[in-house]
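Right, one structure below, let's go through it.
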Protein chains: 2
Amino acid sequence: MSKQRESVLPIAAACCPPLAVAPLSGEQAADLAPMFKALGDPVRLRLMSMIASTDEVCVCDLTDAFDLSGPTISHHLRVLREAGLVDSERRATWVWYRARPQALKQLAGLLDIATPAAV
Amino acid sequence: MSKQRESVLPIAAACCPPLAVAPLSGEQAADLAPMFKALGDPVRLRLMSMIASTDEVCVCDLTDAFDLSGPTISHHLRVLREAGLVDSERRATWVWYRARPQALKQLAGLLDIATPAAV
DNA sequence: GAGCTGATTCGAGATTCGTCAAGACAGGGA
DNA sequence: TCCCTGTCTTGACGAATCTCGAATCAGCTC
């Protein structure tokens, strides 16, 4: 991530109507599934929530919150980054992570239920 | 699924504020991650969209839509079912699947972005 | 009851994933 | 310049996942 060329992300590729409105094509599903998959691990879901609930987070703070090794946290952050859910930026010694609201919004829209009364 | 006792699902366990509002606890993340994980496979994501976009779908129709064997489709449907995302019901010879709007709504709420202006 | 159709479960093989230890790289301070 | 701190990458291993064929179960029709 030292290189910022990952700004070309799979986000724009998929912009679909809610699941409850129309079925996805195979291609759309293949584009979107990695995002859900990235959130499908408890550690990554918690990392995502920690990153999204503040403006920026330092890796050092994230590492301290888990009983996992540094490389493991780094690996999970990389998965989130490659899924387009977060951005990273090196600033002096530390690396800071920031959420990508676009991506979260896209997933939320996909899961939106057309019938609010449905229970 | 022949037995309907799976109606006791992990849904009620987790009911959390949006990711962008407060970080998840380890327990909350462990409850929610399986749902995202279930949607993290292209085949399952497409199955979910096919089920959610109509009232009910017969397994036979789902199987026909993929180049996969029956047991494989059955496996993916089981994952969706155990994650609490769909319900199944046997009616005569056929088994019908239905989405659980509660679950989709919960996930959508979790991904909701507090700042609609954010881009 | 016998036979048929549809769906699930079981068992096995190949692939992917999660984790860590060791090494490499980037940047700041003496 | 050299060393130290902090982070990422690489390589490796066990565990979980995806897929299929074969066998099993559920229900209808004759």
Side-chain angles (χ1 to χ4, degrees), chain A residues 1-6 26 29-30 33-48 50-51 56-83 85-98, chain B residues 1-7 26 29-30 32-48 50-51 56-83 85-98:
Chain A
M1 138 283 322
S2 348
K3 297 91 183 178
Q4 224 65 5
R5 52 178 137 85
E6 295 182 22
M35 291 193 187
F36 286 111
K37 185 184 236 174
L39 295 177
D41 182 276
V43 173
R44 286 197 294 268
L45 188 56
R46 238 180 117 197
L47 284 170
M48 188 71 221
M50 295 173 71
I51 297 171
E56 289 182 324
V57 191
C58 171
V59 171
C60 52
D61 292 331
L62 297 173
T63 306
D64 290 345
F66 295 84
D67 279 338
L68 293 171
S69 68
T72 297
I73 297 294
S74 189
H75 159 73
H76 285 303
L77 288 172
R78 177 199 191 116
V79 174
L80 289 174
R81 203 170 52 232
E82 292 181 343
L85 293 169
V86 300
D87 262 338
S88 66
E89 183 185 353
R90 166 155 240 141
R91 207 172 304 156
T93 305
W94 294 278
V95 177
W96 296 79
Y97 277 80
R98 200 176 316 117
Chain B
M1 145 279 323
S2 351
K3 299 88 184 179
Q4 225 66 6
R5 50 179 139 83
E6 293 181 23
S7 46
L32 290 164
M35 291 192 189
F36 286 110
K37 184 185 235 174
L39 295 178
D41 182 277
V43 173
R44 285 196 295 268
L45 189 56
R46 237 179 117 200
L47 283 170
M48 188 71 221
M50 295 174 70
I51 296 171
E56 289 182 324
V57 190
C58 172
V59 171
C60 52
D61 292 332
L62 297 173
T63 305
D64 289 346
F66 293 85
D67 278 338
L68 293 171
S69 69
T72 298
I73 297 296
S74 190
H75 159 72
H76 286 303
L77 288 172
R78 178 198 188 118
V79 173
L80 289 173
R81 202 188 324 128
E82 291 181 345
L85 293 169
V86 301
D87 262 338
S88 67
E89 182 186 352
R90 166 155 241 140
R91 206 172 306 154
T93 305
W94 295 278
V95 176
W96 296 79
Y97 276 79
R98 201 176 315 119

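Below, chains carry the letters A, B, ... as their sequence lines are ordered, and counting in each starts from 1. Below, each value reflects all heavy atoms present in this structure, side chains not excepted, and no hydrogens, waters or symmetry copies.
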Whole angstroms only, please: what is the [atom1]-[atom2] distance between [X] and [N]?
X	N	atom1	atom2	result
B:Asp64	C:dA7	CG	C1'	13 Å
B:Leu80	D:dC18	CG	C1'	14 Å
A:Asp41	D:dT17	CG	P	11 Å
A:Phe66	C:dG18	CZ	P	14 Å
B:Glu89	D:dG27	CD	P	12 Å
A:Asp61	D:dT7	CG	P	9 Å
B:Leu45	D:dC18	CG	P	13 Å
A:Leu77	C:dG18	CG	P	13 Å

Looking only at non-hydrogen atoms, find the nearest pair between [X] and [Y] and report the distance.
X	Y	result
A:Trp94	A:Cys58	CD1-SG, 3.5 Å
B:Leu47	B:His76	CD1-CB, 3.7 Å
B:Ala38	B:Arg44	O-NE, 2.7 Å

Answer yes or no: is there a donor N or O on one side and an acceptor on the other, between the side chain of A:Thr72 and the main chain of A:Leu68, under 3.5 Å?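 No.
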Sidechain-backbone polar pair: A:Ser74 side chain, A:Gly70 backbone, donor-acceptor under 3.5 Å: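 No.
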Which nucleotide in the set [options] lies at the smallest distance from any side-chain heavy atom of [X]?
X	options	answer
B:Pro71	C:dA7, C:dC20, C:dT9	C:dT9
B:Tyr97	C:dT19, D:dC8, C:dT8	C:dT8
B:Trp94	D:dT19, C:dG6, C:dT19	C:dG6
B:Arg78	C:dT9, D:dC8, C:dG18	C:dT9
A:His76	D:dT19, C:dG18, C:dT8	C:dG18
B:Arg90	C:dT8, D:dT7, C:dG6	C:dG6

Under 3.5 Å, which N/O atoms of the protein pair with N/O atoms of nucleotides 28-30 of chain C?
none

Assign each of B:Lys37 and B:Thr63 to its nearest nucleotide of DNA chain C by heavy atoms, then name whichever residue's nucleotide is nearer the 5' end.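 Of the two residues, B:Thr63 wins.
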In terms of the nearest nucleotide of DNA chain C, which residue is placed more toward the 5' end: B:Cys60 or A:Arg44?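 Looking at DNA chain C, the more 5' nearest nucleotide goes with B:Cys60.
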Base, sugar-phosphate, or nothing for B:Ile73, non-hydrogen atoms under 4.0 angstrom?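 Counting heavy atoms under 4.0 Å across all strands, no contact is made by B:Ile73.
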Check whether any side-chain N or O of [X] sits under 4.0 Å from OP1 or OP2 of [N], and answer yes or no.
X	N	value
B:His75	C:dA7	no
A:Thr72	C:dG18	no
A:Arg91	C:dG27	no

Output the distance between atom CD1 (B:Ile51) and atom CG (B:Leu85), rounded to the nearest 0.5 Å.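 Output value for this atom pair is 9.5 Å.
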Mind checking the CE-CZ spacing from A:Met50 to A:Arg46? Nearest 0.5 Å is all I need.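 CZ of A:Arg46 is found 6.5 Å from CE of A:Met50.
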Please identify which of these residues, A:Arg81, A:Glu89, A:Glu56, meets the side-chain hydrogen bond (donor to acceptor under 3.5 Å, both in side chains) condition with A:Tyr97.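 Passing option: A:Arg81.
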